[in-house]
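The structure appears below as structure tokens.
Since the structure is predicted, the reported quantities are computational estimates derived from the model, not experimental observations.
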Amino acid sequence: MKYYLGIDIGGTHIKGGIVNLLTNDIHQNILSHEELNATDSTSSIITKVRKVITDIQACMPLSKLGGIGIAMPGPCDYAKGIVAIYGVPKFQSLFGLNLKEEIKKVSDLNTVFINDASAYALGEYYAGAAKDTSRSIIVTIGTGLGSTFLENDTVLNELTEGIPEHGYLYNIPYRDGMADDFFSTRWFVNTWNMLFPDKKVTGVKEIALRASNGDNNAQSLFENFASNFVEFITPFLLNFKPEKLIIGGNIAKASDFFLDNIQFQLKKLNLITKIDICKLWDMSPLIGSAIYTSNILENMENTKEKRHTQQFIAPTNSTATPSGEYDIYPAFPLGKGKIGKGINQLADWIEKHSQIKIDGYIGVFWDELIIKLGEELRKRGKNVRFFHSSVAMKDPQTIEKMIAPYLGGDNPLFGTITDKHLVNWFDENKLNSIQPDPEADLNIFIGTGAALSQWKAPLIYIDIPKNEIQFRMRAGAINNLGLDYRKDNQQAYKQLYFVDWIVLNKHKKQCLPLIDLLIDGQREWDELLMISGNDLREGLHKMSRNFFRVRPWFEPGAWGGQWMKNHIQGLNKEVNNLAWSFELMVLENGLMLESDGYRLEVSFDFLMYSDYQNILGECSETFKYDFPIRFDFLDTFDGDNLSIQCHPRPRYIQEHFNMPFTQDETYYILDCKNSPCVYLGFQDNIVPEEFQYTLERSQQKATKVEIERFVQKHQAKKHDFFLIPNGTIHASGKDCVVLEISSAPYIFTFKMYDWIRMGLDGKPRPLNIQHGMNNLYFERKGEKVIQELICHPYIMKENQECTIEHLPTHKEHFYDVYRYTFKDRIQMNTENTCHVCMIVEGDSVCIETEDGMKQRFNYAETFVIPAAARSYTIINENPDKRIMLVKAFVKKEVTLK
């Protein structure tokens, strides 16, 4: 396409024109112009923007155009077309508005936004005063001060020497205000009217007319302006060293009264920068925005990776697996008619209202949702306005400074749990200044934190599973909370764990009672699933009195194995290995709810926020919303040893990481082959200083360590149980599938030796030798290890129906483990505590609760019976095979250290 529509939205006008990219001028003088008052209402301004487009369309069909370029004052989210102008008189009614969606109501063309000063500068570069200039500064002085730093046709906006942030000069402090206060129409008008109240003017043109008629006061005002301007601009000329300084904007039309003065003063300062007045005037931003749009659209990527993983996304529909087969998409039944699907049903719900708030977790693809929802609502004839919460957020630099104390500096893994709240990410004045347009059919306040606004509107909340958030972040498709740039994977996850998830979970908890509609946002928007807030809360409450199983997710690792790939159906068999299955982690797992075959997922947090007392029973006030027990698989079948490691002592994790309790582990050997081992405890002759020196030398020199000189190696058999309280040196050997039963924290693993191998990224995995040395109990050595750290089960009860064994845990563990072996059925009482269970031998069981609910659970599946279930029956579905089941639960009268 050689024709593009360029539009300039200024403080006093909206102008559009057809730009011929072959000649870089206005094609056949096709122009449209609308007078504008920048303080008008939202609808008034939008109506005029649309009119310019439709007027142009009457002269040339939009089908012949390659796109629309819109020059717009900043600040603005130009990539998304969201107006962020705040704190100045113009366009306050547009604050937070998605202008790109407004354009779609009259045009399907691709629309690209650019800063108006940058568009002006590019217009002058391609066809005006900056042509053939390699380095230039272009300033536009009108209702405000615009500025652009150019190197050839590249707009420079990085904060470097000589260039302010974004290339903006308007907000640079100057005298008792900022530059925009002194280099704008209002400075001339306000200064004149203050000096000469009996000769008031409304614009610079009147002052210029007086100056041309010999008015000394008017001439003196222009001289004052010139002196101020030279004083302000000189540091930027000295540092940036442009060939040309080009002045444009309406005030440049009065250059006869100040240009010579500016040149004279600069010459006295020995500055050789050439000063020029623009040549294209108000055509510059039209030409610049059109050419910029052409370049952007030509270079636009057609496809972009949305999620970086080999794991499949959860399907919308799924059925229960056959008896004995592990179900990777477990769901709690809600009954019929509870879950809706698709953007059409969402629009059905939304169009019944005049205002809506759509909040959600980090990781939501907001832009795609707005496009889909906007299209659907336009089809229905709805005049909808989208306002974005993101414009009310503090800038990324302020956010980074605020959260820096929680991110652990250069440490690649560890930080400190934040005490901040989501509201700390926002400028509350900005948030409250976003107001609905009373002339629109529907106003939608959208984005993370939208529920914080004062709009009296129904609340939609969009949830995203934690695994999908990580997949999207690894692909570079999303950023951390409040940031507009990508961090490397380790730093990004660290911020998620210690900051983003913490504040967003607090916000989610506050939202839960207020949610009118919840959306599972992990799939394409045509495949979205949704549930009413009432049905969600009712379903969670029902779950809290019966049973549940979280949706597991699977990850490869440097030491990963093949057992899960070979034993669990529905996983991607093309992955090299699978190291973990996150079976039960409150922070990262989701819960699936089923109705009419649809399986909608919400985060595990929701259940804890809704009904933690029903879930945990007598220990609920000790742990609150932190589900205390974690189950996961460590798969080293045909894989490799885990790193030699330990976990922090209770006081250490509290003081260094602000965690309420530590990670006390156990290893239950679910399956194994080839006489595997577990590394556990120290040799009797351990010398701590020698151990540390050997580890540090290995890290520095990449030399292997004869680890058995220091650490004991124990043969492991199926159903063995190893105890790993905090501060214990340990690792699983290869050719095991370990059911890791532990307390809930899980990233605080101090790796001390990693067998001189690379991680999946081809780099050495970070070690934390000093952290480990600070926490190890070196007295756990020799025979004491066999006595205290290798479990010695004993039979508590045995009869024809059932054998009950106690698998005693260490005194440091706040949870205990029982094992049940039976052929038919057993009856259980919760005794007001939560039971976490797994079948470790056999096919499947059916759980029946007092409420009359039934659910099948299969071999190797983790399931939870809440304390409020009171009693339940476990029925073996295949009596030809015995069932062996382990149950973990919090010990009586537990207190956190």
Side-chain angles (χ1 to χ4, degrees), residues 304-318 327-332 334 338-346 358-373 446-448 460-481 492-493 496 500-501 504-505 508 511-512 515 517-533 535-536 539-540 548-555 570-572 581-582 585-607:
K304 185 177 180 181
E305 186 182 29
K306 291 184 179 180
R307 57 196 300 269
H308 185 71
T309 179
Q310 291 178 286
Q311 303 302 315
F312 301 130
I313 199 162
T316 55
N317 297 72
S318 189
D327 188 353
I328 62 175
Y329 303 118
F332 185 85
L334 297 180
K338 302 294 186 181
I339 296 175
K341 178 186 176 184
I343 202 75
N344 292 340
Q345 286 199 34
L346 176 60
I358 306 181
D359 203 326
Y361 216 77
I362 187 175
V364 176
F365 290 143
W366 296 109
D367 298 342
E368 293 182 4
L369 173 60
I370 289 166
I371 290 170
K372 284 285 187 180
L373 191 55
I446 191 165
T448 301
I460 298 174
Y461 189 90
I462 304 175
D463 206 19
I464 301 285
K466 302 294 198 312
N467 60 319
E468 284 299 320
I469 292 172
Q470 293 177 64
F471 299 157
R472 292 179 180 191
M473 191 160 280
R474 291 171 194 170
I478 62 171
N479 299 313
N480 286 101
L481 180 64
Y493 182 80
L496 287 176
D500 297 355
W501 288 348
L504 290 170
N505 284 353
K508 179 189 292 185
C511 288
L512 179 57
I515 292 172
L517 189 72
L518 181 131
I519 295 172
D520 176 355
Q522 66 183 296
R523 305 172 189 88
E524 297 294 331
W525 293 111
D526 288 333
E527 297 289 309
L528 70 82
L529 297 177
M530 57 190 182
I531 186 172
S532 75
D535 286 339
L536 169 67
L540 293 173
F548 64 87
R549 181 174 167 230
V550 303
R551 178 167 84 90
W553 66 283
F554 307 83
E555 275 286 282
L571 298 176
N572 185 352
S581 172
F582 300 110
M585 293 186 185
V586 64
L587 188 62
E588 298 218 25
N589 284 117
L591 295 162
M592 302 193 94
L593 307 171
E594 186 274 331
S595 177
D596 304 321
Y598 294 132
R599 296 198 175 192
L600 173 145
E601 186 171 356
V602 298
S603 66
F604 189 4
D605 319 284
F606 271 128
L607 178 62

Under the salt bridge (charged side-chain N to carboxylate O under 4.0 Å, His left out) criterion, do R551 and D520 qualify, and how do the steps go?
CA-CA 14 Å; R551 178 167 84 90; D520 176 355; over 6 Å; no

Chi angles and distances behind the side chain to side chain contact (heavy atoms under 4.5 Å, CB included) call for L518, L600
CA-CA 10 Å; L518 181 131; L600 173 145; 4.0 Å; yes

Under a 4.0 Å threshold between the charged nitrogen and the carboxylate oxygen, would E601 count as salt-bridged to R523?
no

Salt bridge (charged side-chain N to carboxylate O under 4.0 Å, His left out) between E555 and R474, worked out
CA-CA 13 Å; E555 275 286 282; R474 291 171 194 170; 3.1 Å; yes

Test side chain to side chain contact (heavy atoms under 4.5 Å, CB included) on F582 and N467 and set out the steps.
CA-CA 10 Å; F582 300 110; N467 60 319; over 6 Å; no

Shortest non-hydrogen separation from G342 to M530 and the atoms involved:
O-CE, 4.4 Å

Side-chain donor/acceptor of N572 to backbone N/O of Q310, under 3.5 Å:
yes

Quick one: does any side-chain atom of D463 pair with a main-chain N or O of S603 as donor and acceptor, under 3.5 Å?
yes

Do T448 and V364 have side chains that approach each other closer than 4.5 Å (heavy atoms only, starting at C-beta)?
no

Any side-chain heavy atom of L346 sitting closer than 4.5 Å to one from W525?
no

Here the pair of heavy atoms bringing M592 nearest to A314 is CE-CB, 4.1 Å

Is there a side-chain contact between L528 and I343 in this structure, where contact means two heavy atoms from C-beta onward sitting under 4.5 Å apart?
yes

How long is the gap from CZ on F548 to CG on L540, to the nearest 0.5 Å?
10.5 Å

So, D500 side chain and L481 main chain: donor-acceptor pair closer than 3.5 Å or not?
yes

Assess whether side chain to side chain contact (heavy atoms under 4.5 Å, CB included) is satisfied between L373 and I358, documenting all intermediate values.
CA-CA 12 Å; L373 191 55; I358 306 181; 4.2 Å; yes

Under 3.5 Å, side chain of D535 to main-chain N/O of I339, donor-acceptor pair present?
no

Is there side-chain contact between I462 and W366, with heavy atoms separated by less than 4.5 Å?
yes

Might you point out which heavy atoms bring L571 and F312 nearest each other, and give the distance in Å?
C-CE1, 3.7 Å

Within a reach of under 6.0 Å around CD of E524, are more than 12 heavy atoms found that belong to other residues, nucleotides or ligands?
no

Donor-acceptor pair, R472 side chain versus Q522 backbone, under 3.5 Å?
yes

Spacing of CD belonging to Q470 relative to CD1 belonging to I478, to within rounding of 0.5 Å:
9.5 Å

Close side-chain approach of I313 to F471, heavy-atom, < 4.5 Å
no

Compare every heavy atom of D596 with every heavy atom of E594, then report the nearest pair and how far apart it is.
OE2-N, 3.4 Å

Evaluate the side-chain proximity of L334 to Y598: yes if any heavy-atom separation is below 4.5 Å, no if none is.
no

Ring-face cation contact, Y461 with K508, 6.0 Å cut, 45° max
no

Can you confirm whether M473 sits close enough to L496 that some side-chain heavy atom of one is under 4.5 Å from a side-chain heavy atom of the other?
yes

Nearest atoms (heavy-atom pairs only) where F554 meets S581
CE2-OG, 3.2 Å

Report, as yes or no, whether the 6.0 Å neighbourhood of atom NZ on K372 holds more than 12 heavy atoms from other residues, nucleotides or ligands.
no

If you measure from CD1 on I460 to CG on L517, what distance do you get to the nearest 0.5 Å?
5.0 Å

Could you tell me which non-hydrogen atom of R307 sits nearest to which non-hydrogen atom of Q311, and how far apart they are?
NH1-O, 3.0 Å

Do the side chains of K466 and Y361 get nearer than 4.5 Å, heavy atoms only?
yes

